[in-house]
Student: 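Just dropping this structure here.
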Amino acid sequence: MAIGTALWSFALVVGLLTLAPGLDTALILRTSALGRRRRAWGVVLGIQSGTLLWGVLTSLGVTALFTASHLAYLTLRWVGAAYLVWMGVRMLRDTFRGLPAEGADAPALLAGPDSFAGGWRQGVLTNLLNPKMGAFYVAVLPQFIPAGSSHFTMGLLLASVHILMGLVWSAVLVGFARVLHGWLRRPRARRVLDRITGTVVAAFGVRLALGD
């Protein structure tokens, strides 16, 4: 397989993965829709930082060793699941307590202050606590590395393709969320969005815990 062919083939696979609605999409849309653009971009770059780290670890062979350890995989899976369920349940609970409706600029669990650093921490933590990212890279990345090429260099190049596509799609999501900003200034609309996002986040946590 030529390097160019490998890159285009990998781009097709991760492109479909990127476009599929999921936890990352929910976090980015919800944060940016509330008008917290700096925090939203922090979340975006945090997620992509996690993706880069998974790519580096896979290229070095570390995640292959990690995946081979059933106990380590289970530990990370349960920690990640607990983190997601906690976020989702807290968000749902706050909507019934009326916290998101206190004002148009009231802080919320998945958004918080408009802080780039806070968004980055949230994005990278969410990504790294998802062991399925590591499993995906271990299973898929080596299949697109041409024979005779540097495993580490090619692995980073492929991960960079994934990151670039993620950034482009995230820019689309952030732009689209600006349309919702005016609507979300209404307390009732914010409660609806928080309940949808909280349910999505908690459901991902449950799904991760069950190993589906």
Side-chain angles (χ1 to χ4, degrees), residues 14-52 54 80-81 83-130 132-133 136 162-208:
V14 297
L16 295 174
L17 179 67
T18 300
L19 293 175
L23 177 60
D24 292 350
T25 300
L27 290 177
I28 295 169
L29 274 177
R30 199 269 175 184
T31 305
S32 55
L34 293 179
R36 295 173 172 86
R37 298 192 66 187
R38 282 180 294 180
R39 186 177 180 91
W41 279 109
V43 171
V44 170
L45 294 181
I47 291 170
Q48 301 312 323
S49 296
T51 299
L52 177 61
W54 281 121
Y83 172 69
L84 294 177
V85 171
W86 174 80
M87 280 204 303
V89 170
R90 279 284 303 275
M91 174 166 269
L92 289 170
R93 186 195 66 183
D94 287 351
T95 65
F96 289 103
R97 288 184 173 183
L99 297 183
E102 291 175 358
D105 298 317
L109 180 64
L110 291 187
D114 194 7
S115 162
F116 179 89
W120 185 87
R121 286 193 298 269
Q122 184 180 58
V124 74
L125 186 60
T126 300
N127 187 281
L128 292 180
L129 286 178
N130 183 2
K132 291 189 176 182
M133 275 293 294
F136 170 80
H162 191 180
I163 291 170
L164 179 60
M165 298 189 75
L167 289 174
V168 171
W169 179 237
S170 296
V172 173
L173 293 176
V174 171
F176 173 73
R178 294 186 64 184
V179 178
L180 301 178
H181 180 53
W183 177 70
L184 287 170
R185 295 184 68 86
R186 305 173 186 173
R188 177 182 237 174
R190 298 223 3 217
R191 281 196 295 268
V192 170
L193 179 63
D194 285 355
R195 287 172 185 173
I196 292 174
T197 308
T199 300
V200 169
V201 171
F204 267 86
V206 172
R207 183 180 178 186
L208 182 59

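Residue numbers start at 1 and run along the sequence shown. All values reported here derive from a predicted model rather than from experimental measurement.
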Student: Apply salt bridge (charged side-chain N to carboxylate O under 4.0 Å, His left out) to Arg38 and list each qualifying residue two or more places apart in sequence or on a separate chain.
Tutor: Asp114
Student: Once rounded to the nearest 0.5 Å, what's the spacing between atom CH2 of Trp41 and atom OG1 of Thr31?
Tutor: 12.5 Å
Student: Could I get the full list of side chain to side chain donor-acceptor pair (under 3.5 Å) partners for Arg37, not counting sequence neighbours?
Tutor: none
Student: When rounded to the nearest 0.5 angstrom, what is the spacing between CZ in Arg30 and OG1 in Thr25?
Tutor: 15.5 Å
Student: With sequence neighbours excluded, tell me which residues meet side-chain contact (heavy atoms from CB on, under 4.5 Å) with Ala202.
Tutor: none
Student: Show the nearest heavy-atom pair for residues Ala177 and Ala33, with the distance to one decimal.
Tutor: CB-N, 3.5 Å
Student: Test of understanding: with side chain to side chain donor-acceptor pair (under 3.5 Å), list the residues that count as partners of Trp120, not counting sequence neighbours.
Tutor: Ser49
Student: Among all residues two or more places apart in sequence or in another chain, which pass the side-chain contact (heavy atoms from CB on, under 4.5 Å) test with Leu167?
Tutor: Val44, Leu45, Gln48, Ile163
Student: What distance do Leu173 atom CG and Ile28 atom CD1 have between them, rounded to the nearest 0.5 Å?
Tutor: 5.5 Å
Student: Can you list everything that forms a side-chain contact (heavy atoms from CB on, under 4.5 Å) with Ala203? Sequence neighbours excluded, please.
Tutor: none
Student: If the condition is side chain to side chain donor-acceptor pair (under 3.5 Å), which residues does Thr199 pass it with, not counting sequence neighbours?
Tutor: none
Student: How far does CZ of Phe136 sit from NE2 of His162, to the nearest 0.5 angstrom?
Tutor: 6.0 Å
Student: Please name all residues satisfying side-chain contact (heavy atoms from CB on, under 4.5 Å) with Leu128, sequence neighbours left out, ordered by chain then number.
Tutor: Leu53, Trp54, Val124
Student: Asn127 and Thr51: side-chain contact (heavy atoms from CB on, under 4.5 Å), yes or no, with the steps?
Tutor: CA-CA 7 Å; Asn127 187 281; Thr51 299; 3.5 Å; yes
Student: Between Leu27 and Val43, which heavy-atom pair has the shortest distance, and what is it?
Tutor: CB-CG1, 4.3 Å
